[in-house]
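Take a look at the structure set out below.
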Amino acid sequence: MKQLIDVLNHASKVYYQGQDEEMSNFQYDALYDELVALEEKTKIVMANSPTNHVGYETISELPKEPHVAPMLSLGKTKDAEELAEWLGDRKGLLSLKLDGLSVILTYEGGVLTKALTRGNGEIGEVITNNAKTFQNIPAKITFSGHLVIRGEALIRYSDFRVLNESFTDIQEKYKNPRNLCSGTVRQLNNQITAERNVYFYVYNLIESDAAEQTFSEKEEILAFLDGQGFDIVPYKVVDETNIRQAVAQFSEEIANGHDLPSDGLVLTYNDIEYSKSLGQTSKFPRDSIAFKWQDELAETTLLDMEWSASRTGLINPVAIFEPVELEGTTVSRASVHNLSVLRDLKLGIGDRITVYKANMIIPQIHENLTGSSQLTIPERCPVCGERTECLNENGSEFLICANPDCNAKKIKRFTHFVSRDALNIDGLSEATLEKFINQGWLHDLCDMFDLAVHRKEIEEMDGFGEKSYQNLVQALEEAKDAPLERVVYSLGIKGIGLSMAKLICKTYPVRLSQMGDLTTEDLIHIDGIGEKLAESFCDFFKQKENLELAKKLEQILRIAMPEQNASSQLEGAVFVITGSLNHFENRNACKEQIERAGGKVSASVSKNTTYLVNNDIQSSSSKNKKAKELGIPIITEEELLDMIK
């Protein structure tokens, strides 16, 4: 029991701090259930048992406050029949158990005044400024009393894939959306939160000074909150006749690729008075129960281990196995994450393994039934053939290629350089860049702008021609007009994303070649930049080849410096952008122009909005209606451009 408690508590500590967890939900639940069985058998419960407390204190510089009521966990089951028996002949609400970060919002006078994380259940972290940047919460609601609600902050799978791909550092990669959301919501700089598309879904009313007295059913509460403008967690009203069917329908939706991360369902009694009468234990409320997905396991044979090299030098192990059917789809590959996980699984080619889909989405290896440990770790990089090295980061081992001239690094570095948030050069896919690098045309980033000397060869390449070549040359020329922060981001400095690059360039608007003059002391004075990021930035420019690269790029590019004197017309103005755009490539481009001119951009229309930008002024969209109700001017792109001028 003590062994299990140590393992589970450490896993929970890692999980609640938003770090990359050391075991899957499937493995955690199995060990937890084993501990519960032992405690029931022995009638002994240790003081530090995870069955005896809720969550962990988080490690953060954020201020902390107590909750108005304890934020309890839920009892759980994996058996749909047990769920039906629990409900009995009563009416219930069955909702998705969203896999994000629990957040408690407080509204006073219709305005958001406080946001807390769940924390340890008794005390949470104050994240009010970050919550105000969530994509879908109302800045103001019609109910003017005291209102405290609980919901889940999350990052959707579609956004998670894009964001995780953009991180360049081993330490920045996240295994799943829940971890990324936890790290995002607890950022000290809310600009980072705003750029990561966090959404919030309400599932409970905790406290209200008036509204709750008029409700007899929880469904009425959700309808009330929906009417206030909140997004409600997806749910179904169930009873003894349809609960099994509802569980099956939710399971099918998740298996078919639901965009909201979910690790199960929650069933609660609909009758408010009956729920109150049941009370609670020290850990669980008695009116609700969680249903965890019964992960479908399949047995198969490990055929190969693919080693995939990245721009950072990290070589990722990916298991290739005989195809199996899981949750309605055919699966034949699963990431093994790193060398530590690979060794723990004792893998070898030909081993019999069991696989499953974590949260019915992400393929994972559950267990190695053979345990041969015969897999050979490559001593040579699969791309360049140079020797590999083992790197220990935070207790986990990773395989890396230390060769700075490895083609994999070059390909990924050039791919990053031309990406949308960097120099945004159209027509240069990773496959095309690989061809150019293999031809020996690209050695450093500046070579990109000398491709014209290879015109004949490019026009004769498969997939190219005269027109494609002309488009490429034009894209390269247009890319030379670039703001300083995008150029800094394009360099691929370890840990420096676009938001960090913006902060640095706005605080220290110096020429690219002068970035090496900044010290770690200069950088750590910027809110949101810690010592490690500051050191990473300075170390990059201390390297002679990087400083030379910066000087060469400065000669080639037409770098726009951050404007220090914002337009007085946009100073303090808040814009909301909606509808299709004609003059800007996308909303991010429009947002950048507004921010450069001193304005701010919000996701939703509120009384604080100055202008709604919509080319279709007569549209009947909800944002147009809201703007008209509040008397907020609706302007076109042309009118916006006139303001910026």
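These numbers come from the heavy atoms of this one structure, side chains and all, not from hydrogens, waters or symmetry mates. Positions are given from 1, in the same order as the sequence printed here.
- What you find for L303 and I349 is that their closest heavy atoms are O-CG2, 3.3 Å.
- A distance-only check finds a donor-acceptor pair linking the side chain of N615 to the backbone of S580 [under 3.5 Å].
- Residues meeting the side chain to side chain donor-acceptor pair (under 3.5 Å) test with E531, sequence neighbours left out: none.
- Expressed to the nearest 0.5 Å, how far CD1 of I365 lies from CZ of F321 amounts to 7.0 Å.
- No more than 12 heavy-atom neighbours from other residues, nucleotides or ligands sit within 6.0 angstrom of CD on E379.
- Residues that satisfy the salt bridge (charged side-chain N to carboxylate O under 4.0 Å, His left out) test with D159, not counting sequence neighbours, are R156.
- A donor-acceptor pair under 3.5 Å links the side-chain atoms of T610 to the main chain of V574, judged by distance alone.
- Remark: N438 engages N407 in a side chain to side chain donor-acceptor pair (under 3.5 Å) (not counting sequence neighbours).
- Here the side chain of S182 pairs no donor or acceptor atom with the backbone of N179 at under 3.5 angstrom.
- To the nearest 0.5 Å, the span separating CG on N338 from CD on E397 amounts to 8.5 Å.
- Annotation: H416 is in aromatic contact with Y489 [ring centroid separation under 6.0 Å].
- Distance check: I437 CD1 to I411 CD1 gives 5.0 Å after rounding to the nearest 0.5 Å.
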Do any side-chain atoms of residues 548-560 form donor-acceptor pairs under 3.5 angstrom with protein atoms, and if so which ones, sequence neighbours left out?
| from | atom 1 | to | atom 2 | distance (Å) |
| --- | --- | --- | --- | --- |
| K552 | NZ | D444 | OD2 | 2.9 |
| E554 | OE1 | R511 | NH2 | 2.8 |
| E554 | OE1 | S513 | OG | 2.9 |
| E554 | OE2 | R511 | NE | 3.4 |
| E554 | OE2 | L512 | N | 3.1 |
| E554 | OE2 | S513 | N | 3.1 |
| E554 | OE2 | S513 | OG | 3.2 |
| R558 | NE | D481 | OD1 | 2.7 |
| R558 | NH1 | E477 | OE2 | 3.2 |
| R558 | NH2 | E477 | O | 3.1 |
| R558 | NH2 | E477 | OE2 | 3.1 |
| R558 | NH2 | D481 | OD2 | 3.3 |

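- Taken from CD1 in I496 to CG in L533, the straight-line distance is 5.0 Å, to the nearest 0.5 Å.
- One distance of note links CD1 of I254 with CG of D259; it measures 10.0 Å at 0.5 Å rounding.
- Residues V510 and D517 are not in side-chain contact: their nearest non-hydrogen atoms beyond the backbone lie 4.5 Å or more apart.
- Each salt bridge (charged side-chain N to carboxylate O under 4.0 Å, His left out) pair with one or both residues in residues 609-621, not counting sequence neighbours, would appear here, but there are none.
- A search for ring pair (Phe, Tyr, Trp, His ring centres under 6.0 Å) contacts involving F541 returns F537, not counting sequence neighbours.
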- Could you walk me through whether I127 and T193 pass side-chain contact (heavy atoms from CB on, under 4.5 Å), step by step? CA-CA 10 Å; I127 55 159; T193 309; over 6 Å; no
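- Under the rule for a side-chain contact (heavy atoms from CB on, under 4.5 Å), the partners of N403 that lie at least two apart in sequence or sit in another chain are C384, E386, C401, D405, C406.
- Put simply, the side chain of H337 reaches to within 4.5 Å of the side chain of Q364, judged on heavy atoms.
- Residues F414 and L445 form a side-chain contact, since some pair of their non-hydrogen atoms from C-beta on lies under 4.5 Å apart.
- Distance alone, capped at 3.5 Å, is enough to place a donor-acceptor pair between the E637 side chain and the H583 backbone.
- For the side chain to side chain donor-acceptor pair (under 3.5 Å) test, residues two or more places apart in sequence or in another chain that qualify with N424 are E585.
- Within the 3.5 Å criterion, the main-chain N or O of F200 finds a donor-acceptor partner in the side chain of N136.
- Separation of atoms CG (L260) and CG (D99) is listed at 11.0 Å; rounding is to 0.5 Å.
- Each side chain to side chain donor-acceptor pair (under 3.5 Å) pair with one or both residues in residues 457-472, not counting sequence neighbours, appears once here: R455-E459.
- Listed for the R178 side chain is no donor-acceptor partner under 3.5 Å among the backbone atoms of L101.
- Contacts classified as ring pair (Phe, Tyr, Trp, His ring centres under 6.0 Å) and involving residues 420-454 (residues at least two apart or in different chains) are given here: F436-W441, W441-H454.
- With sequence neighbours excluded, the residues satisfying side chain to side chain donor-acceptor pair (under 3.5 Å) with T636 are E638, E639.
- Taking 4.5 Å as the limit, some side-chain heavy atom of P378 sits within range of a side-chain heavy atom of L399.
- Residues that satisfy the salt bridge (charged side-chain N to carboxylate O under 4.0 Å, His left out) test with E430, not counting sequence neighbours, are K412.
- Surrounding NZ of K626 are at most 12 heavy atoms belonging to other residues, nucleotides or ligands under 6.0 Å away.
- Checking D539 against S536 by side-chain atom types alone, no donor-acceptor pair falls below 3.5 Å.
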